Amino acid sequence: KDYEGSIIGKCTNCGILKTFPSKKNKLFNPIITKSQDYEKRRKEFEIMFSPIVSLIKKHVKPNTAILDVGCSSGILLSLLQRNKFQIYGIELNHEAFSYAKRKLKKNVFYGSLAQFLKRKKQIFDCIIYNHVLEHIENVNDEFTLINKSLRKNGALIIGVPNTDNVIFKIRKKYWESLLPNEHIWHFNTNYVKQYLFKRGFKILEVRFENDARKSYPLYKRIYFTLLTFLNKMIHTGEAVLIVSQK
């Protein structure tokens, strides 16, 4: 209740959490960009994004068209381009879009998926929502657009923070990935898997990740290393990456 000017509500039916910002909360902004931070830590983010590239290479044919929705400054797109995929990116924040456009020159578009589809009719072999879906108010409408723009048997890759993990259950509102001024939705793995199933998608692979917290003091890193170990023991993590097929 009243967490950073918002209330986080829980659905009594499915258990999903949602942020309800008060009208007085001027800090709430689901389109916050971290493009400058991404560029300063480019090598670090390239390492973080490498599992996504590996999953795509495993499940998507070479030289096919991939759309990264919410591509930020284009680091993931650059990695995919190096691996000979046809890349397209959409970014709703103008600053981040400008970074990506300067680097990649073409096939980077400003706006939402809905705005993109009004300008360009394109069918993709793979669509990526990497830590983007939690920022979108109407997920049902977004999936209607995804179905229109994803080829039959195409891959949909979703990465989101996962509330069904040991660290969140212990830390609650102090969990670093909660971000109530940025995230509208706070997903859990089972919810996303069931949602995809109801939308006609087949789950191909599930991967979990945990924050290394390298900047934390040693005693805190030891504490979180223990919690991360517990997450791995029960096959969960602070973030989940799900590969599905239409």
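What you see is a predicted model; the values in this text were computed from it and never measured.
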Audit row: V240, N188, side-chain contact (heavy atoms from CB on, under 4.5 Å) steps and yes/no: CA-CA 8 Å; V240 60; N188 62 70; over 6 Å; no
Closer than 3.5 angstrom, by distance alone: can the side chain of K84 be matched with the main-chain N or O of P62 as a donor-acceptor pair? no
side-chain hydrogen bond (donor to acceptor under 3.5 Å, both in side chains) partner of Y129, the single match among H135, E142, E134: E142
According to the interplanar angle, ranging from 0 to 90°, do the rings of Y195 and Y191 count as parallel (below 30°), tilted (30 to 60°) or perpendicular (above 60°)? parallel
Tell me whether F229 is reachable from I170 by hopping between hydrophobic residues (I, L, V, M, F, W, Y) whose side-chain heavy atoms are closer than 4.5 Å. no
Quick check: is L230 connected to Y223 through a chain of hydrophobic side chains (ILVMFWY, heavy atoms under 4.5 Å apart)? yes
Give me the atom names and distance for the closest heavy-atom approach of V108 to F97. O-CE1, 3.5 Å
Any side-chain heavy atom of I158 sitting closer than 4.5 Å to one from S244? no
Donor-acceptor pair, distance only, cut-off 3.5 Å: does the side chain of K246 make one with the backbone of R151? no
Backbone N/O of G159 and side chain of N130: donor-acceptor pair under 3.5 Å: no
Rounded distance (nearest 0.5 Å) linking atom CG of D125 with atom CD1 of I66: 8.0 Å
Heavy-atom pair with the smallest gap, counting every atom of I136 and W185: O-NE1, 2.9 Å
To the nearest 0.5 angstrom, please state how far the CG atom of L104 sits from the CG atom of L77. 5.5 Å
Nearest heavy-atom contact between Y110 and L92 is CE1-O, 3.3 Å
Walk me through it: do L80 and I128 pass the test side-chain contact (heavy atoms from CB on, under 4.5 Å)? CA-CA 12 Å; L80 292 170; I128 305 167; 3.9 Å; yes
Heavy atoms, side chains only, cut-off 4.5 Å: are P180 and I8 in contact? yes
Do the side chains of K18 and E137 get nearer than 4.5 Å, heavy atoms only? yes
Closest non-hydrogen contact found for A96 with E91 is CB-CG, 3.7 Å
As a test of understanding, state which of R213, R171, K232 forms a salt bridge (charged side-chain N to carboxylate O under 4.0 Å, His left out) with E238. R213
Any donor-acceptor pair under 3.5 Å linking the side chain of K105 with the backbone of R102? yes
Do F208 and H235 have their ring centres less than 6.0 Å from each other? no
Contact between N83 and I56 at the side-chain level, heavy atoms closer than 4.5 Å - yes or no? no
Please examine the side chains of L67 and L150, heavy atoms only from C-beta on, and report whether any two atoms are closer than 4.5 Å. no
Between the side chains of H183 and T19, is a donor N or O closer than 3.5 angstrom to an acceptor N or O? no
For a 4.5 angstrom cut-off between non-hydrogen side-chain atoms, does N140 reach R199? yes
Heavy-atom count check: over 12 atoms from other residues, nucleotides or ligands less than 6.0 Å from F20 CZ? yes
What distance do F109 atom CZ and K120 atom NZ have between them, rounded to the nearest 0.5 Å? 5.0 Å
Do T189 and N162 pass the side chain to side chain donor-acceptor pair (under 3.5 Å) test, and can you show the C-alpha distance, the side-chain angles, and the key distance before you say yes or no? CA-CA 6 Å; T189 302; N162 171 35; 3.2 Å; yes
Between S6 and N25, does a side chain to side chain donor-acceptor pair (under 3.5 Å) hold up when you go through it step by step? CA-CA 7 Å; S6 298; N25 185 0; 3.2 Å; yes
Side-chain donor or acceptor of T236 paired with backbone N/O of D164 under 3.5 Å: yes
Hey, does I87 have a side-chain heavy atom less than 4.5 Å from the side chain of K106? no
Find out whether E95 and Y99 are in side-chain contact, i.e. whether some heavy atom of one side chain is under 4.5 Å from a heavy atom of the other. yes
Nearest 0.5 Å, what's the CD1-OG1 distance between I16 and T163? 8.0 Å
Nearest non-hydrogen partners of E209 and M48, listed with the distance: OE2-O, 4.4 Å
Looking at CG of D141 and OG of S112, how far apart are the two atoms once the value is rounded to the nearest 0.5 Å? 11.0 Å
Are F143 and L133 close enough, and set up right, to give a side-chain contact (heavy atoms from CB on, under 4.5 Å), and what steps lead you there? CA-CA 10 Å; F143 263 78; L133 209 60; 4.1 Å; yes
Is there a path of hydrophobic side-chain contacts, each under 4.5 Å between heavy atoms of I/L/V/M/F/W/Y residues, joining I234 to W175? yes
Distance in Å, Q122 CD paired with L117 CG, rounded so as to fall on 0.5 Å steps: 10.0 Å
Measure across F168 and L178 and return the closest heavy-atom pair with its distance rounded to 0.1 Å. CE1-CD1, 4.0 Å
More than 12 non-hydrogen atoms from neighbouring residues, nucleotides or ligands closer than 6.0 Å to OH on Y216, yes or no? yes
Could you please spell out the steps behind the side-chain contact (heavy atoms from CB on, under 4.5 Å) verdict for D211 and T228? CA-CA 8 Å; D211 188 350; T228 295; over 6 Å; no
Say whether I203 and I146 are linked into one hydrophobic cluster, either directly or through other cluster members, by side-chain heavy-atom distances under 4.5 angstrom. yes
Quick one: does any side-chain atom of N93 pair with a main-chain N or O of I31 as donor and acceptor, under 3.5 Å? yes
